[in-house]
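This report concerns only the one structure given below.
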Amino acid sequence: MKPLARPAPALHESWPGYLDRVAHLNHLNGVQGIADLLGVLPYRLLVSSPRIVLTQLGISLPSIESAVLDTPLQPDGRVYLARAGRSIRTRICPECARENKNLMIPAEWDAALTFKCHVHHVQLLDACTACGRALSYEHSSLIFCSCGHSLRMERARKISNEIEAVLSALSFPPERKLRLMFAPSTDHEVMAAWLIRRLLMIDAGLFHKRRAARMKGDAFVTASEIQAVSPWFIEWPNAFLAKLAEANYAHKLSPTKMMGLGPSRLEKNLPEVSAAVIEFDSRRRHGKRPAKSSGFALARNPWMGLKQLMLQTGASYHAAQTWIRSGWLGDVRVQQESPGGTRYLIETESAVRFIKMVHRTSSVRTMASDIGLEVTALRCLIRARVVQGIPCGLAQWNVRLAPAPVFKLAQTLLSAAVLGKPSNAEVISLSTAICRVRKHDPSVTAAFVAAVISRELRTRTFIPNPVSLEEVTLRVQDFVKWLRRRS
C-alpha cells in the first residue's frame, strides 16, 4: 500500500523528519504509521536505505548528488541506530517553529552533537521545557507536547558556555556546513556521543570493568547530558586529567578500556581526547602517581585509617598489611572493635611521609625500560633483595621501585663493564645471565651481582660510554665457570 500524499524531499531535509512529514500529510501516526504501512519496526525503518524505502512508498528518488540514499550494513547484516548515525530523537529551533507552519527538520538537527540553529544562531530544544519529555519522532507531534505546551511559545536563548567548552574540546567547530539530504551523523560525532555516555556512566558509578563496551542506543546527545559531563572539559585538559585520575583509582583500568574505545579509534575520531589520554598514561608511568585527592585533608587528625592510606596510595589491603608488618609505617595501633573486626590507627605524619615516597616510585616495567634490563631480570633482582621493592598488592610481583637506588645500581654495573672488541666467543646479555642464575640457584643471585661489580666475573661492552644495560654482555664460557664454582 502506498500513501496518497507523496511530497518530494526538501534540500538538506532529515530522513526521519521526512518520514514524519509524509506521515502527517497522510494522517498517519508519525514514523510508527509509516513503519506499520511497510510492515517493519520503526527503528528498522530509520536504519534502512532511503533508496529502498522511497521505492516502496512510490516516491521519486532525489538526485544522488544532493542526498545520502544508502546505509551501509554491518558485517553481520544488521544495522544499529548508533552505528548508522541515526536517532529517533530530534531537536527544534523555537524561532523556526514560529516562522514556519509546516516545519521542515534539517538533517543537521538530528545529528548527535548539534545544538545551534544555523539560521537564528540560538540553542535548539531537545525536550519540552514544561514536562521534560524528549522530542521524538515516536510522538504524534513535535511542536505540541502531550502536556499541552507548545514549543512555538518558548523563548529562544543563546547556546551555553558549557556546551561550547565540550564541543571545543571534542574538536567540533561552532559553525558547521549544512548536511546533505538524509545524511546521518558522522563517525566523529558517533564516537563523541559514545565517549560522553561512558563518562556519564563513570560519574554515576554504573561503570564496571566486566561490562561489555557495546555501541547501543541512538546517535544523540542531549543538552542536559553535555552539561553533566562539562566538568570533564571546562578547564581543558587539566580537569579531564584530574577526572581520569579519580576514575583510574576507582576502577583500576586504563583510560582506553574505561571508555571502550581503542587508541586508533580515539586518535582518528577524537584527536584532542587521544592526546589527553596519552599525556595521562605518560604521567602515570613515568611521573608521579596521580593522587585521588589533592593534599592531605587529614593533617589535622593525628591518626589516619588504613582505608584512607589505601585510597591515597592505590594499594591493596594485603600490601598495606605488609607495610605494617615491615615497620615502614612506624608505630601503628591496633584496636579490636567487633568479632573479626580490626581497626588500624597510623600516625598521620608517618603515613604522609610514606605516601609521598610511594608517589615518587615507578613501576617495574617502567624502570626496566629506563635502565635497559628485561622486566623478568629486574624482578629477579627484587626477589633476591638486590633492589628494594615496595609491595602494592597480594601478588609477589606487584611491587613498585624507588628510582634512585635502581639508577645507582645500573650506573655501578655500567662502570664495571670493560670496553672490548667483537670476537667469535659466544656471549649472553646481562638480563639473560640474571634470569639463568635465578633459575639455577636463587640464593646466588646477589652473589652474581656482587661478582659483576667487583669484576670477578668480567662483563664487556663494545660501545664507549654505554648508557643502557642492554649494551653489557659477558662470555658464556666465563659465566658457566662461575656457576660451577658456586655449585
Side-chain angles (χ1 to χ4, degrees), residues 10-21 23-25 29-31 86-170 172-179 183 185 189 192-193 196-197 199-200 203 217-235:
L11 190 64
H12 308 300
E13 189 168 10
S14 160
W15 170 236
Y18 174 70
L19 294 176
D20 185 75
R21 186 160 66 93
H24 281 85
L25 289 176
N29 186 22
V31 175
R86 300 292 187 187
S87 173
I88 195 68
R89 296 178 287 178
T90 187
R91 304 178 182 89
I92 284 181
C93 170
E95 295 289 344
C96 292
R98 278 192 288 270
E99 294 175 0
N100 302 287
K101 183 178 180 181
N102 298 320
L103 182 63
M104 185 273 293
I105 306 297
E108 187 69 23
W109 291 3
D110 287 346
L113 290 171
T114 298
F115 299 94
K116 182 187 290 188
C117 175
H118 61 281
V119 177
H120 301 97
H121 304 286
V122 297
Q123 184 171 330
L124 300 174
L125 301 176
D126 53 43
C128 174
T129 55
C131 65
R133 190 181 71 159
L135 300 183
S136 173
Y137 292 110
E138 294 178 313
H139 302 154
S140 58
S141 175
L142 295 176
I143 303 297
F144 298 97
C145 182
S146 59
C147 68
H149 183 70
S150 174
L151 296 185
R152 290 194 176 99
M153 306 301 295
E154 192 67 31
R155 189 173 66 176
R157 56 182 178 179
K158 293 184 178 180
I159 190 169
S160 64
N161 296 330
E162 292 84 358
I163 295 178
E164 289 184 343
V166 175
L167 295 181
S168 175
L170 295 177
F172 285 99
E175 299 293 340
R176 283 176 276 177
K177 296 181 179 179
L178 286 177
R179 301 169 188 266
S185 297
E189 292 170 321
I196 289 171
R197 289 181 183 175
L199 297 182
L200 289 173
D203 286 341
D218 55 356
F220 195 88
V221 178
T222 64
S224 59
E225 290 174 335
I226 288 286
Q227 291 174 351
V229 299
S230 61
W232 289 76
F233 301 95
I234 288 297
E235 297 180 4

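Because the structure is predicted, anything quoted here is derived from the model rather than measured.
- The main-chain N or O of L151 is never found under 3.5 Å from a side-chain atom of E154 such that the two would form a donor-acceptor pair.
- Here the side chain of R98 pairs a donor or acceptor atom with the backbone of R152 at under 3.5 angstrom.
- In summary, R89 and E138 do not engage in a salt bridge, as defined by a charged side-chain N under 4.0 Å from a carboxylate O.
- Here the SG-CH2 distance, from C117 to W109, works out to 5.0 Å after rounding to the nearest 0.5 Å.
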May I have the step-by-step check of side chain to side chain contact (heavy atoms under 4.5 Å, CB included) for L124 and T114, ending in yes or no? CA-CA 8 Å; L124 300 174; T114 298; 4.1 Å; yes
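- Remark: the backbone N or O of L19 is not paired with any side-chain donor or acceptor of H24 at under 3.5 angstrom.
- To the nearest 0.5 angstrom, N161 atom CG is 12.0 Å from S168 atom OG.
- The salt bridge (charged side-chain N to carboxylate O under 4.0 Å, His left out) search around R179 returns E108, E189, not counting sequence neighbours.
- Geometrically, R91 engages F220 in a cation-pi contact, judged by NZ or CZ lying under 6.0 Å from the ring centre and within 45° of the ring axis.
- Distance check: T129 OG1 to H149 NE2 gives 3.5 Å after rounding to the nearest 0.5 Å.
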Run the side chain to side chain contact (heavy atoms under 4.5 Å, CB included) test on D126 and V221 for me, step by step, so that the C-alpha distance in whole Å, both residues' side-chain angles and the decisive distance to 0.1 Å come before the verdict. CA-CA 9 Å; D126 53 43; V221 178; over 6 Å; no
Can you check side-chain hydrogen bond (donor to acceptor under 3.5 Å, both in side chains) on W232 and D203, steps first, answer last? CA-CA 10 Å; W232 289 76; D203 286 341; 2.9 Å; yes
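- Between the side chains of D110 and S87, no donor N or O sits under 3.5 Å from an acceptor N or O.
- Within the model, atoms CG of D20 and OG1 of T90 stand 9.0 Å from one another, a figure rounded to the nearest 0.5 Å.
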Do any side-chain atoms of residues 99-106 form donor-acceptor pairs under 3.5 angstrom with protein atoms, and if so which ones, sequence neighbours left out?
unit_1 : atom_1 : unit_2 : atom_2 : d
E99    : OE1    : H120   : NE2    : 3.3
E99    : OE2    : H120   : NE2    : 2.9
N100   : ND2    : C96    : O      : 3.0

Start with the C-alpha gap between F115 and L125, add the side-chain angles, then the distance that decides, and say whether side chain to side chain contact (heavy atoms under 4.5 Å, CB included) holds. CA-CA 8 Å; F115 299 94; L125 301 176; over 6 Å; no
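- Of the possible polar contacts, none joining the H139 side chain to the L135 backbone as a donor-acceptor pair under 3.5 Å is found.
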Determine, stepwise, if the pair E225 / R197 fulfils salt bridge (charged side-chain N to carboxylate O under 4.0 Å, His left out). CA-CA 8 Å; E225 290 174 335; R197 289 181 183 175; 5.4 Å; no
